There are 2 protein chains.
Amino acid sequence: MARKFITQDLPKCENCAIRKSSLFGEIDTFHLDKVRELRTSQITFNAGDYIYHEGDIPTRAYTLHQGWVSLFKTLEDGGRQILRFALPGDFLSYKSSNRALDHSAIALTDITLCAFPLDRFKTKLADLPELSIAISSVSEMTIQRCYSTLTTIASHNAEVKIAYLLLSLYIRETSLKQNQSEPIHLPITQEDIGDALGLTTIHVNRTFKGLQNKGLIECNNRNLHIPDQTNLAEVAKVNLESLKKLMVVV
Amino acid sequence: MARKFITQDLPKCENCAIRKSSLFGEIDTFHLDKVRELRTSQITFNAGDYIYHEGDIPTRAYTLHQGWVSLFKTLEDGGRQILRFALPGDFLSYKSSNRALDHSAIALTDITLCAFPLDRFKTKLADLPELSIAISSVSEMTIQRCYSTLTTIASHNAEVKIAYLLLSLYIRETSLKQNQSEPIHLPITQEDIGDALGLTTIHVNRTFKGLQNKGLIECNNRNLHIPDQTNLAEVAKVNLESLKKLMVVV
DNA sequence: CGGGGAGTTGAATGCAGTCAACAAATGTGG
DNA sequence: CCACATTTGTTGACTGCATTCAACTCCCCG
């Protein structure tokens with residue numbers, strides 16, 4: 001595994017471009033000092049590396065600083081169910097109990113993580129109610145997104161599902177960028193889309209091309225542009241404004 | 001709406017049969033006093049009553065004391081997606097932020113709720129780190145269950161889905177009872193099962209009867225018995241022990 | 001006794017999976 | 001830099017699970 005630790009000259013949290021969309025967005029500068037002390041290192045992984053495995057008992061929690069990550073369960077038949085894609089700002093591998101993780105995580109691109117050793121982190125929680133509340137708030141967001149995904153997957157056909165997933169990722173990724181009108185890089189394969197939505201790659205391909213032919217999405221060599229988000233939201237059977245509230249922190 | 005408030009002579013939390021499987025299971029007797037002060041009333045609803053609606057901003061959180069509740073989203077086309085069934089001990093309607101609820105809740109049976117006004121509850125959180133941690137721990141459980149449901153719904157056919165749902169409910173309900181070998185009362189219709197799993201009632205019916213004919217489940221007038229949980233777990237494509245850990249709170 | 005909700009069954013349709021083959025893009029080593 | 005292997009994407013034909021539509025039964029409750 002090609003992972004690398006950085007323990008010195010760590011970048012400052014105050015100036016971090018993704019802070020506002022991370023766990024620490026709600027924590028003011030005063031308390032941020034205390035939180036930053038909990039961060040011991042940054043860790044980098046290459047695309048394709050496992051960050052952790054289902055069944056592991058985590059020793060560190062992470063804030064994803066750069067890149068995309070796929071969280072998934074392995075099925076009995078060898079298949080995968082992707083639970084969600086993590087983007088910069090996402091909080092990974094945290095468990096309040098000392099139980100095993102129920103899913104694995106793999107880097108989709110080269111990534112950087114900010115690492116927080118869990119033992120110290122948990123003992124600090126009692127002194128930092130702000131942090132507890134921030135974690136609750138992130139958990140709530142995760143639950144809401146999961147229920148929203150569940151609804152899309154359970155009740156709709158492939159076109160709706162794919163439209164929903166692409167629009168969600170597009171909204172999240174553009175919210176992290178300055179120039180919100182240029183295409184985003186989509187570091188996932190059609191197989192990943194299938195594994196996230198419970199569809200075969202073949203059916204994903206047909207439906208994906210269908211969306212392209214209708215002009216609802218534009219995509220070549222993994223660069224995705226959505227010319228009219230309102231149109232795609234209609235196909236995805238969601239209200240665009242609600243989806244933005246769900247996907248964009250702050 | 002036939003709801004009724006009880007504000008005097010509230011039953012003691014210490015002796016509550018469901019405490020150990022509720023939010024407060026992890027809170028010791030000393031701190032329990034402080035928590036109990038936050039509970040202002042018990043509220044009863046009749047089967048079929050709404051407890052809250054999607055879009056409401058909650059003023060109270062609840063511990064479900066008695067009965068079953070269905071949590072669901074309403075779809076554009078008028079359909080419903082049931083997100084989960086709540087059983088005694090479940091914590092409902094809590095939001096750390098002041099945002100609107102993303103789903104509605106309806107009583108499946110006559111129910112009793114313990115009510116906690118949210119304003120007081122939230123201000124107390126800073127003084128009671130145990131409570132924050134308990135809430136995080138409940139959130140984590142909810143996320144894990146949701147991901148598990150998502151996996152079943154996305155990747156498997158109707159027989160697997162129904163087997164999974166019935167086994168989950170059976171395990172949860174029997175864990176709350178003394179006599180774990182007698183049938184449980186299942187206060188949900190085949191339509192509810194369909195709305196939870198994204199299937200039509202007709203297909204639920206056919207598949208349900210299939211499970212009966214195979215002897216995997218026994219069910220008449222809403223009394224469900226599972227003669228061999230290991231067999232049904234195999235059909236549901238889950239490991240029985242893992243499912244028990246996921247469904248039973250200590 | 002009549003009405004409504006829930007459950008049951010059959011036949012026809014359609015969305016998505018499976019199998020098979022191939023094309024394009026990407027990566028690797030000689 | 002090219003040859004080859006691997007991964008990813010594309011297309012067609014066939015199969016099957018789940019939906020739709022329609023009709024009907026059972027049972028509880030007023």
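The figures here come from the full heavy-atom set of this structure, side chains too, leaving out hydrogens, waters and symmetry mates. Note that this is a predicted model, so its numbers are computed, not measured. Chain naming here is simple, since letters A, B, ... match the order of the sequence lines and numbering starts at 1 in each.
Distances from the side chain of A/Arg206 to the nucleotides D/dA18, D/dA13, C/dG7 place D/dA13 closest.
Straight-line distance from the CG atom of A/Leu197 to the P atom of C/dG17: 11 Å, rounded to whole Å. Atoms CG (B/Asn213) and P (C/dG7) sit 16 Å apart, rounded to a whole Å. The interatomic distance linking B/Lys161 (NZ) with D/dC17 (P) rounds to 14 Å, in whole Å. As a whole-Å value, the separation of B/Asn220 CG from D/dC26 P is 16 Å. Atom-to-atom, NZ of A/Lys209 to C1' of D/dT8 comes out at 13 Å; the value is rounded to the nearest Å. B/Asp192 has its CG atom 14 Å from the P atom of C/dG5, to the nearest Å. Rounded to whole Å, the distance from CG on B/Asn157 to P on D/dT19 is 11 Å. Per the geometry, NE2 belonging to A/His203 stands 20 Å off P belonging to C/dA20, to the nearest Å.
In this structure, B/His103 and B/Tyr52 have perpendicular ring planes: the angle between them is above 60°, well past the 30° mark.
Put simply, the side chain of A/Arg145 gets close to the backbone of A/Met247: a donor and an acceptor are under 3.5 Å apart. Put simply, the side chain of A/Asn205 never gets that close to the backbone of A/Thr201: no donor and acceptor are under 3.5 Å apart. Checked by atom type and distance alone, the side chain of A/Ser168 never pairs as donor or acceptor with a backbone atom of A/Leu243 at under 3.5 Å.
Comparing B/Ile202 and A/Thr189, the nucleotide of DNA chain D nearest to each residue sits closer to the 5' end for A/Thr189. Nucleotides of DNA chain C nearest to A/Thr200 and B/Gln212 differ in position, and the one nearer the 5' end is that of B/Gln212.
Between A/Gln190 and D/dT7, a side-chain N or O to OP1/OP2 separation shorter than 4.0 Å is absent. Note on B/Asn205: every side-chain N or O is 4.0 Å or more away from OP1 and OP2 of C/dG7.
Using a 4.0 Å heavy-atom distance criterion, A/Gly194 is classed as making no nucleic acid contact.
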#### Entry: Derivation and outcome, side chain to side chain contact (heavy atoms under 4.5 Å, CB included), residues A/Val238 and A/Leu246
CA-CA 11 Å; A/Val238 284; A/Leu246 189 61; over 6 Å; no
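Side-chain to base pairing of A/Arg222 with C/dT26: no donor and acceptor N or O lie closer than 3.5 Å to each other.
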